[in-house]
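Worksheet: one structure, shown below.
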Amino acid sequence: MRGHLTRAVTKACLVLAMLGLVIPTTTTTAAAQRAQVLHRQTVVLPLSGTFRTFGSEPIDVTGSIRVRVVTETEPGGGGTARVTSTLLRTTGIGQVSGDTYRLVGSDTDVVAFPPGPISPLTFRPTFYNIFPPDPIIPIVPPHPIQPVIVRVTLAPDGAIDGIGAQIDPGTVDNP
């Protein structure tokens with residue numbers, strides 16, 4: 001009889017201990033979820049255009065880009081936006097040489113946005129240009145470039161209104 005009583009008391013103590021550990025954690029998590037709102041959207045956009053860099057030939061670029069946007073809003077408004085841009089099967093042809101360039105990579109940018117109306121957030125993700133694309137060990141090492149301009153439009157509550165991308169028409173400040 002004494003063994004049954006000991007087991008019953010042990011089980012009761014374990015159940016009470018588990019409730020004590022679970023209840024405060026659940027309440028805290030629910031409060032945290034009310035305080036912050038997450039919005040997510042992923043799109044794949046076509047890319048086509050001519051990219052120019054300082055001291056290099058113009059490159060006719062075609063391919064696509066996957067853009068994933070996650071916004072996290074604060075209770076009083078505003079928040080942060082995390083934008084991940086990944087090039088998918090993107091290549092370019094040099095207008096002068098006719099050589100093929102391969103553009104690869106993924107880049108993540110994080111920016112804070114203020115409460116209220118938000119103008120489009122503009123990003124210039126950094127990717128890599130591999131030339132020539134065929135050999136296993138390229139003769140010229142890949143170098144960073146910023147051939148794409150990504151724009152994200154947010155609503156005042158942090159909801160994602162639109163995502164767009166285009167080839168940078170070229171300026172002298174491209175690496």
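Taken from CZ in R52 to CD in E57, the straight-line distance is 11.5 Å, to the nearest 0.5 Å. Summarising the geometry, atom CZ belonging to R89 is positioned 11.5 Å from atom CZ belonging to R102; distances are rounded to the nearest 0.5 Å.
Grouping Ile, Leu, Val, Met, Phe, Trp and Tyr by side-chain contacts under 4.5 Å, direct or through others, leaves V110 on its own. Residue L88 shares its hydrophobic cluster (ILVMFWY side chains chained together at separations under 4.5 Å) with V44. Residues L38 make up the rest of the hydrophobic cluster containing V70, defined by ILVMFWY side-chain heavy atoms closer than 4.5 Å, directly or through other members.
Sorted by first and then second residue, the side-chain hydrogen bond (donor to acceptor under 3.5 Å, both in side chains) pairs involving residues 105-115 (not counting sequence neighbours) are T84-T108, T86-S106. Residues in residues 149-164 take part in no side-chain hydrogen bond (donor to acceptor under 3.5 Å, both in side chains) pair, two or more places apart or across chains.
No side-chain heavy atom of P147 sits under 4.5 Å from any side-chain heavy atom of D168. You'll find the side chain of V69 reaches within 4.5 Å of the side chain of I163, heavy atoms only. Considering only heavy atoms from C-beta on, V148 stays 4.5 Å or farther from R124 through its side chain. Side-chain atoms of T71 and I160, non-hydrogen and from C-beta on, do get closer than 4.5 Å to each other. Looking at V152 and F113, their side chains never come closer than 4.5 Å, going by heavy atoms from C-beta outward. At least one side-chain heavy atom of S85 sits under 4.5 Å from a side-chain heavy atom of F127. Side-chain contact between V150 and P125 is present, with at least one heavy-atom pair separated by less than 4.5 Å.
Taking Q41 as the reference, nothing meets the side chain to side chain donor-acceptor pair (under 3.5 Å) condition, with sequence neighbours excluded. Here T126 pairs with Q146 under the side chain to side chain donor-acceptor pair (under 3.5 Å) rule; sequence neighbours left out. Judged as a side chain to side chain donor-acceptor pair (under 3.5 Å), and not counting sequence neighbours, Q166 has no contacts. V111 is linked by a side-chain contact (heavy atoms from CB on, under 4.5 Å) to A81, L121, F123, counting only residues two or more places apart in sequence or in another chain. In this structure I59 satisfies the side-chain contact (heavy atoms from CB on, under 4.5 Å) test together with V61, Y101, N129, sequence neighbours excluded.
The residue from I93, D99, T100 that alone fulfils the side chain to side chain contact (heavy atoms under 4.5 Å, CB included) condition with S97 is D99.
In this structure, L103 is not a member of the same hydrophobic cluster as I149, with clusters built from ILVMFWY side-chain heavy atoms closer than 4.5 Å.
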Assess whether side chain to side chain contact (heavy atoms under 4.5 Å, CB included) is satisfied between D60 and F51, documenting all intermediate values.
CA-CA 6 Å; D60 292 326; F51 173 65; over 6 Å; no
Take T90 and I65 through the test side chain to side chain contact (heavy atoms under 4.5 Å, CB included) and record every step on the way to the result.
CA-CA 8 Å; T90 302; I65 185 170; over 6 Å; no
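No donor-acceptor pair closer than 3.5 Å links the side chain of R68 to the backbone N or O of V43. Remark: side-chain polar atoms of T73 are not paired, donor with acceptor, to backbone N or O of G158 under 3.5 angstrom.
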